[in-house]
Amino acid sequence: MRYFLLFSILFIGFVNASENKEVLLIHSYHKGYAWTDDISKAIEKNFSEHKNIELTTVYMDTKRIDDLHYLDNLAKLYKEQFSNRKFDLIIISDNNAFDFISKYYDYLFKDIPVLFCGINDYTKESLKKLSFKDISGVAEAVDIEKNFELISKIHPNLKNILIINDKSITGLAVKKDLTKIIEKYKKKFNIEYTDNLEINDLKVKVSNLEKGNSAILFVLLFKDTTGKYFTYKQSFEEIREVSQVPIYGLWDFYLNSGMVGGLLTSAVAQGQTVSQMALEVLNGKDIKDIPVLEKSPNLYIFNYNELKKFDINIPKYIENPIIINEPSSIYKEHKNFFIITIITISLLSIIVIILKINIQRREKLELELSNRIEFDKVLLDTIPNAIYHKNIEGKFLGCNTAFASLVNSTKNEIIGKTAFDFFPEKIAVQNTHIDQEILRTFTTNSSDFTFYTPSNEMKHIVLNKAAYKNIDGTIGGIVCIMDDMTERIQQKQFLIQQSKLAEMGDMIAAIAHQWNEPLVELSALVQDIQTSYLLNELKDNDVENFVKDSMIQIKYMSKTLNDFRNFLKPSTKKVLFSISKALNEINEIIGKQIFYSNINMNFNYKNKDEELLIYGYENEFKQVLLNIINNAKNKIIEKKLPLNKKGEININIQRAINYNKIEIIDDAGAIDEKIINSIFEPYFTTKEDGMGLGLYMAKIIIEDKMKGTINVKNDKNCVVFTINLPFKEA
């Protein structure tokens, strides 16, 4: 375990170490020199956000000492100092460091990429002379012409301008550019250039400048002609002390010493730009893909105190100048507070306006909603169907006038009550179970029930229910539309009865056939008893046999009448009944008539050992069978078959998966395909004296009342009627 921990610590340390980046920053000048310090501060600020960068800074101090022997010893010192360190990047600032790295690169930092900043007199040729190519950076270039343009704009009455410089490397480089500019502007005002005066003589010259129409362009002054060395502040402040005219410059480090300003070369901008390039290199970008920024990132910067002292206005063509030492106003001191306050007030104002608009909109919507609610109430009350809605607990939330009339209550009396308050318990319990299933599955449901109103009027109602959701997505409750089917059912029942009466002729003929044999038997029995009586051969035993045999025939005839009477009665409710029993009773009524019509009627039970049951209306079901069988019988009779050939009516009965199937097949010939799809339509008939109700009522009974199906098809020369009826427990 200890070895594992040790290995983990070493591994993590190795990973962290591999991620660290080491950067060496070489300054040409010394610490405390404003230009150098500003570059360092900008680089350190950008690097501070990246904890994996370790920055090492060294100062060449070439403002104070700058000879070949010193530089050679400095290279040896760096060789000794950095021999055991591997840098990822070298950054150099200003020309002396650039010249140093050009000479000692292979000796000190071979194969390490280099970035430069603060380089005066930059040219592409200066890079081509180098022995290495992994270099890029930021050029430093003072823009003398734009500063001359600025001074002439600020001082339109300018007559004299004094340019102060020294003979340092930088000073000499600037002098080259100044020569061209002086030539261009010498016709506009008098230009005097000096770089060879002792400091006291220079101060005298400055003090003698004419106030109001003169200005100074201070370039550099680190040494006077006597060799006296000055810090950047000392030389400028001595000149500033005796000057009565505004002083402009080319570098930003003189600003706080009393310079007015100008388009200044900024050490901060140099440091920021080169540090951004450094981050790209450290993040893996090839330094060759980073072009040199040849245009120096100079900025218009001004000193507020000097602007005010000489009553100077910055030209309008300069956009967003930087002004230092500007006194803080209440706004500037609390700028963030004011901005936040203004933004807050603006946001609050916008919110108030939005809320006002929203309130107006809501008021409008509420008015429209109120109107819509009133309209919906009137609409619901004009609908003849009873409608109500209730919550998930089963309590009524509202209804229309039709529902209130149905339960003999007012709307207000209904709200908050349940179905148990208005309907029989059995019906209420049944509907409660249906409601629970709808709420659980979020589906629709259609069911029916029959009940008696408070006025003892029987109603047959179909309920169409669906669950509804609230705006938040929760289930709100159930909506129900009640359809009063009483009148329609009565009309259908009337048509069914009318259809039965239409079959009356065939029924009476069938009964006549049924009674024919028992009447013949009774006639023979009466004759036998009469003969025995006349011949005095009548015995008690003969009378008993006569009575017994006569009663058998009379009971048979009575049963036939009962079957006929039962057939005529309408079925009032669904019952579970046997298919075979219904078929046998049909056979009892019309069997003899079928037989005497030279037709064989066969009952084929596919499930011989099983009693097949149907849940529905028994008499109406028998009416359907009777209608189809009678139609088949009449069609066979119309064919006028020879006596030696009989017609066939086959009735197949079998159980399917979810229903019982009954097929009635006759060989009376196929139905014309043009009319086969119309035979179930009301009042459609091919008989001259037909009413066209038989098959229409058969379809109503099977599909509408018993929830099954009935259809017909031709099978060669036969017609097949197929009835499918569901079976379930009563």
Side-chain angles (χ1 to χ4, degrees), residues 495-514 563-564 567-568 579 582-583 585-604 619-641 646-653 661-703 706 708-725:
L495 289 174
I496 292 171
Q497 288 301 110
Q498 191 177 17
S499 176
K500 285 184 180 180
L501 293 175
E503 304 287 339
M504 187 70 74
D506 289 335
M507 291 294 293
I508 291 173
I511 291 171
H513 278 288
Q514 295 292 84
D563 290 341
F564 178 63
F567 170 75
L568 291 177
I579 295 178
L583 289 171
E585 290 177 359
I586 290 295
N587 192 40
E588 289 290 333
I589 296 174
I590 62 171
K592 288 290 193 329
Q593 187 182 18
I594 296 291
F595 176 78
Y596 288 124
S597 298
N598 199 29
I599 298 170
N600 286 332
M601 185 163 65
N602 305 306
F603 297 93
N604 305 312
N619 283 347
E620 277 75 359
F621 174 69
K622 288 190 285 187
Q623 177 185 344
V624 171
L625 297 177
L626 183 64
N627 181 274
I628 296 173
I629 293 170
N630 268 336
N631 285 344
K633 177 202 72 176
N634 293 335
K635 287 293 183 181
I636 292 172
I637 292 172
E638 287 176 7
K639 287 182 66 176
K640 297 181 180 179
L641 297 172
K646 290 190 174 186
E648 293 285 338
I649 297 177
N650 291 302
I651 301 174
N652 300 327
I653 306 98
K661 182 178 181 181
I662 302 160
E663 289 182 333
I664 304 171
I665 308 168
D666 68 75
D667 61 354
I671 301 174
D672 190 343
E673 292 293 339
K674 294 179 181 180
I675 66 169
I676 194 168
N677 293 323
S678 304
I679 64 173
F680 290 111
E681 294 178 2
Y683 308 110
F684 178 84
T685 182
T686 57
K687 300 177 183 177
E688 292 183 2
D689 57 348
M691 297 179 64
L693 291 175
L695 289 177
Y696 168 64
M697 295 315 302
K699 189 174 184 67
I700 293 295
I701 291 167
I702 296 300
E703 295 188 353
M706 298 180 67
T709 61
I710 181 170
N711 55 67
V712 63
K713 67 178 181 179
N714 290 321
D715 185 9
K716 297 180 181 179
N717 198 41
C718 297
V719 176
V720 181
F721 281 87
T722 303
I723 299 172
N724 294 322
L725 286 170

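Sequential numbering from 1 along the given sequence is applied to the chain's residues.
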Checklist entry - Do N627 and N631 have a side chain donor and acceptor closer than 3.5 Å? => result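 Present: a donor and an acceptor within the cut-off.
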Minimal non-hydrogen separation, [X] against [Y], with atom names:
X    : Y    : answer
F680 : L695 : CD2-O, 3.4 Å
I710 : A698 : CD1-CB, 4.4 Å
A668 : A632 : CB-O, 4.3 Å
N600 : K646 : OD1-CD, 3.6 Å
I629 : I649 : O-CD1, 4.1 Å

For [Y], does its backbone N or O pair with a side-chain atom of [X] as donor and acceptor, under 3.5 Å?
X    : Y    : result
N714 : I671 : yes
K633 : I599 : no
N587 : L583 : no
E663 : V720 : no

So do [Y] and [X] actually touch side chain to side chain, heavy atoms under 4.5 Å?
X    : Y    : answer
L725 : I579 : no
D667 : L641 : no
F721 : I679 : yes

Interatomic spacing from [atom1] in [X] to [atom2] in [Y] - rounded to 0.5 Å:
X    : Y    : atom1 : atom2 : result
F603 : N650 : CZ    : CG    : 10.5 Å
I637 : N630 : CD1   : CG    : 9.0 Å
N711 : E703 : CG    : CD    : 8.0 Å
I628 : I664 : CD1   : CD1   : 4.0 Å
T709 : K661 : OG1   : NZ    : 9.5 Å

Checklist entry - After noting the C-alpha distance and the side-chain angles of N604 and I665, does the key distance pass the side chain to side chain contact (heavy atoms under 4.5 Å, CB included) rule? => result CA-CA 11 Å; N604 305 312; I665 308 168; over 6 Å; no
Next on the checklist: Does K635, at its NZ atom, have more than 12 non-hydrogen atoms belonging to other residues, nucleotides or ligands within less than 6.0 Å?
Outcome noted: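 Result for NZ/K635: open.
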Checklist entry - Is it true that atom NZ of K713 has more than 12 heavy atoms of other residues, nucleotides or ligands lying nearer than 6.0 Å? => result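 Atom NZ in K713 is not crowded, with 12 or fewer foreign heavy atoms closer than 6.0 Å.
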Checklist entry - Between N602 and E648, does a side chain to side chain contact (heavy atoms under 4.5 Å, CB included) hold up when you go through it step by step? => result CA-CA 8 Å; N602 305 306; E648 293 285 338; 3.1 Å; yes
Next on the checklist: Run F621 and I662 through side chain to side chain contact (heavy atoms under 4.5 Å, CB included) and show every step you take.
Outcome noted: CA-CA 12 Å; F621 174 69; I662 302 160; 3.4 Å; yes
Item to check | From CA spacing to verdict: side chain to side chain contact (heavy atoms under 4.5 Å, CB included), L625, I651 | outcome: CA-CA 10 Å; L625 297 177; I651 301 174; 6.0 Å; no
